[in-house]
Amino acid sequence: MSNNPQHRAWPYLEPHQTRDADPTPYELKLAATLEEVYTQDGHDLATVVDGLNSRLVHAPDGLPWTEESFRTEIHRLGA
């Protein structure tokens with residue numbers, strides 16, 4: 001390997017290094033429930049939305065998820 005810094009391998013990346021703060025309880029619950037939905041139900045958007053709603057994990061406004069509200073929230077979270 002070259003001694004030139006431009007040729008060195010990328011430095012070790014820390015998990016969650018781009019996060020500004022620890023996840024909130026809401027974010028942790030959403031993440032855990034999404035993992036459960038993906039594992040047990042499926043991955044397509046309609047299935048994910050139905051899975052969250054059937055588990056009573058609602059959108060930030062307290063209403064059941066819609067496909068649009070899910071897309072908006074996932075975008076806001078940077079996922």
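Computation of the quantities below employed the complete heavy-atom set of this structure, encompassing side-chain atoms and omitting hydrogens, waters and symmetry-equivalent molecules. Quantities reported herein were computed from a predicted structural model and do not represent experimental measurements.
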Engineer: Any chance the side chains of Ser69 and Thr72 put a donor and an acceptor closer than 3.5 Å?
Structural biologist: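 No - no donor-acceptor pair under 3.5 Å links their side chains.
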Engineer: Nearest 0.5 angstrom please: Leu45 CG to Thr66 OG1, how far?
Structural biologist: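 Between atom CG of Leu45 and atom OG1 of Thr66 there are 9.0 Å.
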Engineer: I need the Leu34 CG to His43 NE2 distance, nearest 0.5 Å.
Structural biologist: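 So the CG of Leu34 and the NE2 of His43 are separated by 10.5 Å.
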Engineer: List, one per line, each side-chain donor-acceptor pair under 3.5 Å for residues 54-63, sequence neighbours excluded.
Structural biologist:
unit_1, atom_1, unit_2, atom_2, d
Ser54, OG, Asp50, O, 3.3
Ser54, OG, Gly51, O, 3.1
Arg55, NE, Glu36, OE2, 2.5
Arg55, NH1, Asp41, OD2, 2.8
Arg55, NH1, Gly51, O, 3.1
Arg55, NH2, Gln40, OE1, 3.2
Arg55, NH2, Asp41, OD2, 3.2
Asp61, OD1, Leu63, N, 3.0

Engineer: Is it true that Leu52 and Leu28 fall in one hydrophobic cluster, defined by side-chain heavy atoms closer than 4.5 Å?
Structural biologist: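 No; Leu28 is not reachable from Leu52 via cluster members.
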Engineer: Less than 4.5 Å apart, any side-chain heavy atom of Leu77 and any of Glu73?
Structural biologist: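 In contact.
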Engineer: Between Val48 and Val37, which heavy-atom pair has the shortest distance, and what is it?
Structural biologist: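 The pair with the smallest heavy-atom distance is CA-CG1, 3.7 Å.
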Engineer: Drop me the distance from His75's NE2 to Phe70's CZ, to the nearest 0.5 angstrom.
Structural biologist: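 With rounding to 0.5 Å, NE2 (His75) is 13.5 Å from CZ (Phe70).
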Engineer: How long is the gap from OH on Tyr38 to CG on Asp44, to the nearest 0.5 Å?
Structural biologist: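 That separation rounds to 10.5 Å.
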